[in-house]
Amino acid sequence: MNKYKILVLAGDGIGPEIVGEALKVLKAVERKYNLYFETRVALVGGASIDKYGIPLTDETLKLAKESDAVLLGAVGGPKWENLDYSIRPERALLALRKELGLFANLRPAKIYPVLADASTLKREVIDGVDIMVIRELTGGLYFGMPKGVEKLPDGTERGINTMVYTTPEIERIAKVAFEVARKRRKRVTSVDKANVLETTELWRKVVTEVHKDYPDIELSHMYVDNCAMQLVRNPKQFDVIVTENMFGDILSDEAAILTGSIGMLPSASLGQRVNKVGLPIGMYEPIHGSAPDIAGKDIANPIATILSVAMMLRFSFNLTKEADDIERSVENVLNKGYRTTDIKQEGTKVLGCKEMGDAIVREIEG
Ligand code: NAD
């Protein structure tokens with residue numbers, strides 16, 4: 001039996017509450033499918049600052065590197081907002097991404113039919129939407145050199161950022177996109193601006209080249225401006241979208257908001273290093289923050305974190321039926337009319353964070 005090592009970093013605010021429910025679900029899957037997950041727990045973000053003075057200790061980083069996957073809640077809050085940038089809670093996330101080499105960010109945007117009315121778009125436009133946006137996370141415009149603001153001899157200033165990608169950087173993210181598409185509806189849309197930006201001309205060429213190894217996957221290319229429009233005009237046309245860092249930053253938020261509910265959206269960041277089952281070591285977390293306004297009240301929605309566990313099982317451990325089981329259980333609970341406060345609708349029954357976790361566990365246990 002494979003033993004999977006998971007580092008659990010609950011973090012701040014609602015982090016411990018939502019991660020607690022996600023771990024209950026993981027335990028239920030462990031029991032049902034006779035698996036063994038070894039979970040280790042450490043502090044991160046503000047909680048780590050309070051105890052050790054820094055948001056991420058070397059010891060925690062070491063634990064992360066020794067794990068097959070990391071499950072994270074959220075970090076940050078008003079208590080630490082006035083600290084110097086170098087020791088703010090959010091620095092922990094940047095350090096984890098860098099040290100674990102997490103270059104691929106996966107953000108699904110799926111519409112649950114019973115929640116479709118929470119979207120700002122018409123039901124007929126979004127019903128059935130199920131998109132995976134894959135954003136390159138460590139290159140492109142956000143990291144390219146040179147960058148900065150310089151003084152010019154005439155007293156004015158010049159700001160510079162550089163969009164750079166090398167062939168290997170594009171190859172590895174393209175492979176992630178095609179592999180992910182294989183587990184979905186087998187379609188990839190690569191988004192670029194190849195009509196204007198030479199960097200993305202290379203992007204298009206390399207993605208097309210990598211595609212030759214994936215004849216079972218349908219590949220199309222789209223300019224980023226058109227993609228931004230198509231996401232609100234006809235989002236159902238997309239399965240997997242793969243794109244560079246800044247385009248992905250913007251498009252993944254646009255895709256997320258189609259669903260209308262921040263407490264429902266998981267994410268994964270995958271690295272180059274593989275674990276003992278030959279799959280990428282990843283960090284799995286909800287897309288929302290630590291929600292200090294509702295922390296400690298047992299009203300947070302744990303579903304984004306529970307769905308992050310499903311992504312972990314699917315992408316880092318290849319436990320497909322177990323991941324499907326979690327996702328189906330979440331959908332069943334919603335179909336039965338159970339909601340947390342953030343997604344409540346007329347005629348539904350509002351549950352607390354713990355009760356929602358329990359309801360999903362009961363569904364898994366059948
Ligand atoms: P937020 O996502 O924490 O909250 C935005 C709004 O959504 C709030 O009203 C909150 O109550 C609500 N919300 C968020 N998650 C919810 C859930 N699971 N269930 C129910 N309601 C939920 O964003 P913010 O308020 O801008 O940031 C709060 C703190 O979180 C800040 O310190 C910020 O830096 C940090 N943050 C952390 C991460 C992360 O850890 N990855 C991401 C974003 C923000």
Side-chain angles (χ1 to χ4, degrees), residues 7-25 42-50 55-56 60 64 70-98 100 102 105-107 112 115 118 120 135 137 249 252-253 256-257 259-269 282-309 311-312 330 333-334 338-345 348 350-357 359-360:
L7 176 64
V8 179
L9 302 171
D12 310 316
I14 59 170
E17 299 168 54
I18 53 178
V19 166
E21 297 317 301
L23 290 178
K24 262 193 214 164
V25 168
L43 298 176
V44 73
S48 174
I49 295 173
D50 287 350
L56 183 74
T60 303
V70 177
L71 177 67
L72 185 106
V75 298
K79 185 175 175 191
W80 305 282
E81 254 161 29
N82 296 322
L83 293 175
D84 187 77
Y85 270 103
S86 61
I87 55 154
R88 287 256 185 103
E90 292 76 9
R91 299 298 300 185
L93 301 187
L94 297 180
L96 278 165
R97 281 183 195 140
K98 181 160 175 270
L100 296 176
L102 306 177
N105 184 230
L106 277 58
R107 288 211 353 207
Y112 292 89
L115 296 182
T120 49
R135 164 188 172 192
L137 206 55
D249 189 2
S252 60
D253 269 6
I257 206 63
T259 69
S261 46
I262 194 171
M264 300 285 302
L265 296 168
S267 80
S269 300
M283 186 157 90
Y284 297 84
E285 54 182 315
I287 71 155
H288 59 73
S290 60
D293 52 332
I294 58 166
K297 296 183 180 162
D298 191 32
I299 57 169
N301 186 348
I303 292 179
T305 318
I306 289 168
L307 292 175
S308 299
V309 168
M311 287 189 88
M312 178 170 77
V330 166
V333 165
L334 296 172
Y338 296 118
R339 304 281 187 276
T340 40
T341 312
D342 56 312
I343 51 170
K344 72 171 180 238
Q345 296 156 294
T348 58
V350 174
L351 303 181
C353 181
K354 284 202 182 80
E355 290 172 322
M356 180 53 94
I360 294 167

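Atoms within each ligand, like the ligands themselves, are counted from 1 in listed order.
At least one side-chain heavy atom of Ile49 sits under 4.5 Å from a side-chain heavy atom of Pro89.
Contacts of Thr341 with ligand 1, taken as heavy-atom pairs under 4.0 Å, are absent altogether. Of the heavy atoms in Asp293, only side-chain atoms (C-beta onward) come closer than 4.0 Å to ligand 1. At a 4.0 Å heavy-atom cut-off, ligand 1 touches Leu93 through the side chain alone.
The pair Asp253-Arg107 meets the salt-bridge criterion, with a side-chain N (NZ, NE, NH1 or NH2) lying under 4.0 Å from an Asp/Glu carboxylate O.
A side-chain donor-acceptor contact under 3.5 Å links Ser269 and Asn105. For the residue pair Asp12/Trp80, the side-chain donor-acceptor check at 3.5 Å is not satisfied.
Considering Thr348, Asn301, Val350 as possible partners of Ile343, the one that fulfils the side chain to side chain contact (heavy atoms under 4.5 Å, CB included) test is Asn301.
Scanning all protein heavy atoms for the shortest distance to atom 28 (C) of ligand 1 gives Pro292 CD, 3.5 Å. Taking atom 33 (C) of ligand 1 as the reference point, the nearest protein heavy-atom neighbour is Glu90 OE2, 3.8 Å. The closest protein non-hydrogen atom to atom 44 (C) of ligand 1 is Gly289 CA, 3.5 Å. Counting protein heavy atoms only, atom 7 (O) of ligand 1 is closest to Ile262 CG2, 3.9 Å. What sits closest to atom 21 (N) of ligand 1 on the protein, heavy atoms only, is Ile294 CD1, 3.5 Å.
Under a 4.0 angstrom heavy-atom cut-off, Ala304 registers as lying outside contact with ligand 1. Put simply, part of Val75 is less than 4.0 Å from ligand 1, judged by heavy atoms.
Protein non-hydrogen atoms do reach within 4.0 Å of atom 30 (O) of ligand 1. Contact annotation for atom 19 (N) of ligand 1: protein present (non-hydrogen atoms, distance under 4.0 Å).
Not one N or O on the side chain of Thr340 forms a donor-acceptor pair closer than 3.5 Å with the backbone of Leu351.
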